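Notes follow the structure.
Bear in mind that the values here come from a model prediction, so they are computed numbers and not experimental data.
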Amino acid sequence: MTRDEKYQAAQLRIGYQLNEFKIGGNYTPLVRDGNHLYISGQIPRVGDAIVLPGKVGDSLTLAQAQVAAGISALRCLGLLQQALGSLDQIKAIPRITVYVRSAEDFDQQSEVANGASDLLHEILGSAGVHTRTSIGVMQLPKSAAVEIDMIALAHG
């Protein structure tokens, strides 16, 4: 199975189809510098709707936040697929940052990030293994529970 097929299968499994990637300001969602691709923060948006908005550890469970992280990672991959023509062109994902809108006493940000990390490994195999930082924050755009930014390397 190709990475593009795995990407489609992951969308079906999670239950959200990502067909468009709207931006909400005067910026670009992806910049390419040679073989390096930098992806702006992606929230779990499907069309015009924010999926699973809220605060993790308050209105959202860890499992729901992991789904939100997976959708955000899928958005990053969708942008890479558009830029590269195929996810098979990804050499590596050296870094992701996962921001988690957290209740005051919630301390499982790294477990939320696993929702993205597991999905990247599922689709990209060893190229999806990455370094990461997970950060608890008070607020995210549009009341999203999770936001992810990413750095990717394409084959030369």
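In plain terms, the two heavy atoms of Cys76 and Ile148 that are nearest each other are SG-O, 3.9 Å. The two atoms that bring Gly54 and Ser59 nearest to each other are CA-OG, 3.5 Å, heavy atoms only. Minimum heavy-atom separation, Val112 to Ala69: O-CB, 3.5 Å. Residues Leu119 and Ala10 share a closest heavy-atom pair of CD1-CB, 4.4 Å. Nearest heavy-atom pair, Pro29 versus Gln42, reported as atom, atom and distance to 0.1 Å: CB-NE2, 4.2 Å. For Val146 against Ala68, the heavy-atom pair with the smallest separation is CG2-CB, 4.0 Å.
The hydrophobic cluster around Ile135 extends to Tyr99, Val137, Leu140, counting ILVMFWY residues whose side-chain heavy atoms fall within less than 4.5 Å of a member. Members clustered with Ile151: Tyr38, by chain and number, using a 4.5 Å side-chain heavy-atom cutoff among hydrophobic residues.
Within the 4.5 Å cutoff, no side-chain heavy atoms of Thr2 are placed close to those of Ser86. For the pair Gln64 and Val67, the minimum side-chain heavy-atom distance is 4.5 Å or more. In this structure the side chain of Ser117 reaches within 4.5 angstrom of the side chain of Ile96, judged on heavy atoms. Side-chain contact between His155 and Asn35 is absent, with no heavy atoms from C-beta onward closer than 4.5 Å. Looking at Pro141 and Glu147, their side chains come closer than 4.5 Å, going by heavy atoms from C-beta outward. Residues Met150 and Leu80 form a side-chain contact, since some pair of their non-hydrogen atoms from C-beta on lies under 4.5 Å apart.
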Criterion side chain to side chain contact (heavy atoms under 4.5 Å, CB included) on Leu62 and Phe106, from CA distance to verdict: CA-CA 9 Å; Leu62 171 61; Phe106 184 78; 4.3 Å; yes
Stepwise side chain to side chain contact (heavy atoms under 4.5 Å, CB included) check, Val51 with Arg45: CA-CA 6 Å; Val51 177; Arg45 180 190 312 240; over 6 Å; no
Verdict with reasoning, Leu18 to Leu77, per side chain to side chain contact (heavy atoms under 4.5 Å, CB included): CA-CA 10 Å; Leu18 303 173; Leu77 290 176; over 6 Å; no
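Between Ser110 and Arg132, the side chains place no donor N or O within less than 3.5 Å of an acceptor N or O (distance only, hydrogens not considered). Residues Gln89 and Gln81 have side chains that never bring a donor and an acceptor to within less than 3.5 angstrom of each other.
The closest donor-acceptor contact from the side chain of Arg3 to the backbone of Leu87 lies under 3.5 Å. At distances below 3.5 Å, not a single donor-acceptor pair connects side-chain atoms of Ser102 with backbone N or O atoms of Gly57. The backbone N or O of Gly128 sits less than 3.5 Å from a side-chain atom of His130, completing a donor-acceptor pair. Judged by distance alone, the side chain of Thr131 and the main-chain N or O of Pro94 form a donor-acceptor pair under 3.5 Å.
Around atom CD of Gln139, more than 12 heavy atoms belonging to other residues, nucleotides or ligands sit under 6.0 Å away.
Residues Leu124 and Ile39 share a hydrophobic cluster, clusters being chains of Ile/Leu/Val/Met/Phe/Trp/Tyr side chains in contact below 4.5 Å. Under the 4.5 Å side-chain heavy-atom criterion for grouping Ile, Leu, Val, Met, Phe, Trp and Tyr, Tyr7 is not connected to Leu153 through any hydrophobic cluster. No continuous path of hydrophobic side-chain contacts links Ile50 to Leu74 [ILVMFWY only; heavy atoms under 4.5 Å].
Rounded to the nearest 0.5 Å, atoms NZ (Lys142) and CG (Asp48) are 10.5 Å apart. The structure places CD of Gln11 at 15.0 Å from NZ of Lys6, a figure rounded to the nearest 0.5 Å. The line from CG of Leu79 to CG of Leu84 is 10.5 Å long, rounded to the nearest 0.5 Å. Remark: Arg101 CZ to Ile43 CD1 distance equals 11.5 Å, nearest 0.5 Å.
Each of Gln108, Gln109, Glu111 was compared with Ser134 under the side-chain contact (heavy atoms from CB on, under 4.5 Å) criterion, and only Gln109 meets it.
Legend: residues meeting salt bridge (charged side-chain N to carboxylate O under 4.0 Å, His left out) with Arg32, ordered by chain and number and at least two apart, are absent.
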